[in-house]
Amino acid sequence: MTAAAAAFRTIPVALRANPYPVLIGAGGLAGLGEAVLNQGVAPGTRVLVVTNPVVNEHYGVSVLASLREAGLVCVLLELEAGEEQKTPATVALIHDAAFRHRLERGSLIVALGGGVVGDMAGFAAATWLRGIAVVQVPTTLLAMVDAAIGGKTGVNHPGGKNLIGAFHQPKLVLIDPAVLHTLPEREFRAGMAEVIKYGVIGDPSLFGDLEAAAQRDPLGGLANRDSVGEVLLERLLERSASAKARVVAADEREGGLRAILNYGHTLGHAVETLSGYGTYLHGEAVGLGMLAAGEVSLAMGLWQPGDQQRQRAVIAAAGLPLAWPALDPQAVLACLQGDKKVRQGRVRFVLPTAIGAVEIRDDVEPEIILRALERLSAPPGEG
Ligand code: NAD
């Protein structure tokens, strides 16, 4: 299939210096080679495809075939899957492959996988020969709506997540929703948390779509690919990618506006850290973080109980956890102080004020946080 046959929708990421498109289309993997050529990459260009064994098994062959058909000279590098692999040592393996395959300034790295592969391959591209092009081909819902767009790349340091990194915008992002067929359901649900985030922080129409699905099936309408359905899924992908593209274009290096994307992440980060990485998936923790931020907002009189209920209903329909885990409250507060979003000792919270609007506040009292978490520990119908 050619790129044209895959009928991509195009979302522009309108950066001044290096704008690029996000292409969305079911079956689009087969059109990757042509899409790359359309970005001005010449046939004969050397390409290193970086992926992991699971994704390679499903999609490696068709991606390589599409790139080779377009006249690109490709090799594929398989890295072990998992967050614990997101280290400088693994990036060195990508650099070694770049050396072996003689990647030059004009060469290309293709990241085929979830956020782990995308962050590492993007960082390797940012650093090889002081920066070569990268194309992001995200294969998880989270990477499609978040990680692949915006140019944040990097790896973990023993001292914390994503401490080593660079901004390096991709040349192209190609999203093929069909690959979500093979994504484990739990990963799908975790990605849905980020979709919900975009609705709450700035897109009431997207939220309305989520709410309609939640009303059809309150306990699972957003929990897997089949219950969401192809048409709605493409719309959710398009709206979410557009939301991310808009924020990134307005604030490429996280100077201000981009901070709203951290909605749910401040308290979510505490859940991830204190439960031990791996107990909660990132998206599951973000879902809890959004509920907690909503409770804080309620306590501060910034938003309405009805809106918190609406937010809760879509999070429930995505099959995400609703009850705050049994964590030591003082440890949560201490963890917030270690967050990257702390400025001069004050924690910056993104708080919802309406469906589609948030405020950034640094005046949340610790007692308000503790009470909010207490209320979430045993929400209605649970515990
Ligand atoms: P992931 O990359 O670990 O993928 C999750 C699992 O799904 C893996 O086991 C993977 O092998 C498997 N998988 C991926 N696609 C599949 C498919 N189509 N079919 C079957 N299995 C598939 O996890 P993730 O949630 O995509 O990414 C999380 C990472 O993204 C974190 O490291 C996080 O820091 C990073 N991230 C980065 C940004 C950014 O702006 N750069 C934003 C958000 C998250």
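Computed over heavy atoms, backbone and side chain alike; hydrogens, waters and symmetry mates excluded. We count ligands from 1, going down the list as the structure has it; atoms in each ligand are counted the same way.
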Which bit of [X] is near ligand 1, meaning a heavy atom under 4.0 Å away: side chain, backbone, both or neither?
| X | result |
| --- | --- |
| K152 | both |
| N162 | side chain |
| K86 | side chain |

Look only at interatomic distance and state if V179 has a nitrogen or oxygen under 3.5 Å from any nitrogen or oxygen of ligand 1.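 In this structure, V179 places an N or O atom under 3.5 Å from an N or O of ligand 1.
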Any nitrogen or oxygen of H282 lying under 3.5 Å from a nitrogen or oxygen in ligand 1? Just yes or no.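 No: no nitrogen or oxygen of H282 is under 3.5 Å from one in ligand 1.
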Considering heavy atoms of the protein only, find what lies nearest to [atom] and give residue, atom and distance to 0.1 Å.
| atom | result |
| --- | --- |
| atom 44 (C) of ligand 1 | L142 CD2, 3.6 Å |
| atom 43 (C) of ligand 1 | D146 OD2, 3.4 Å |
| atom 26 (O) of ligand 1 | T140 OG1, 2.6 Å |
| atom 1 (P) of ligand 1 | V116 CG2, 3.9 Å |
| atom 37 (C) of ligand 1 | D119 OD2, 3.2 Å |
| atom 12 (C) of ligand 1 | L183 CD1, 4.5 Å |
| atom 11 (O) of ligand 1 | N52 ND2, 2.9 Å |
| atom 24 (P) of ligand 1 | G115 N, 3.5 Å |

Under 4.5 Å between side-chain heavy atoms, chaining through other members, with only Ile, Leu, Val, Met, Phe, Trp and Tyr counted: pull out the rest of the cluster around I132, sorted by chain and number.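 Noted: I132 shares its cluster with L48, V50, V75, L77, L79, V91, L93, I94, F99, L103, I109, V116, V117, M120, F123, W128, L129, V134, V155, I164.
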Under a 4.5 Å cut-off applied to non-hydrogen side-chain atoms, are M192 and L210 in contact?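 Yes, their side chains come closer than 4.5 Å.
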Q337 and L333, any side-chain heavy atoms less than 4.5 Å apart: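 Not in contact.
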Run Q169 and N18 through side-chain hydrogen bond (donor to acceptor under 3.5 Å, both in side chains) and show every step you take. CA-CA 8 Å; Q169 298 292 343; N18 40 10; 5.8 Å; no
Tell me, with the steps shown, if N162 and K86 meet side-chain hydrogen bond (donor to acceptor under 3.5 Å, both in side chains). CA-CA 9 Å; N162 299 323; K86 214 177 91 169; 2.5 Å; yes
Return yes when atom CD of E359 has more than 12 non-hydrogen atoms of other residues, nucleotides or ligands closer than 6.0 Å, and no otherwise.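 For E359, atom CD is crowded (more than 12 foreign heavy atoms under 6.0 Å).
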Neighbour count above 12 (heavy atom, 6.0 Å) for E80 CD: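 Not more than 12 within 6.0 Å, no.
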Show your reasoning for whether side-chain hydrogen bond (donor to acceptor under 3.5 Å, both in side chains) applies to S242 and R9. CA-CA 11 Å; S242 304; R9 286 166 193 267; over 6 Å; no
P184 near ligand 1 by a heavy-atom separation under 4.0 Å: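 It does, in that a heavy atom of P184 comes within the 4.0 Å cut-off of ligand 1.
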Within the structure, does at least one protein heavy atom fall under 4.0 Å of atom 5 (C) of ligand 1?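 There is a protein heavy atom less than 4.0 Å from atom 5 (C) of ligand 1.
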Does the protein place a non-hydrogen atom closer than 4.0 angstrom to atom 22 (C) of ligand 1?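 Under 4.0 Å from atom 22 (C) of ligand 1, at least one protein heavy atom found.
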What's the verdict on side-chain hydrogen bond (donor to acceptor under 3.5 Å, both in side chains) for N156 and E83, showing C-alpha distance, side-chain angles and the deciding distance? CA-CA 9 Å; N156 302 327; E83 182 69 32; 2.7 Å; yes
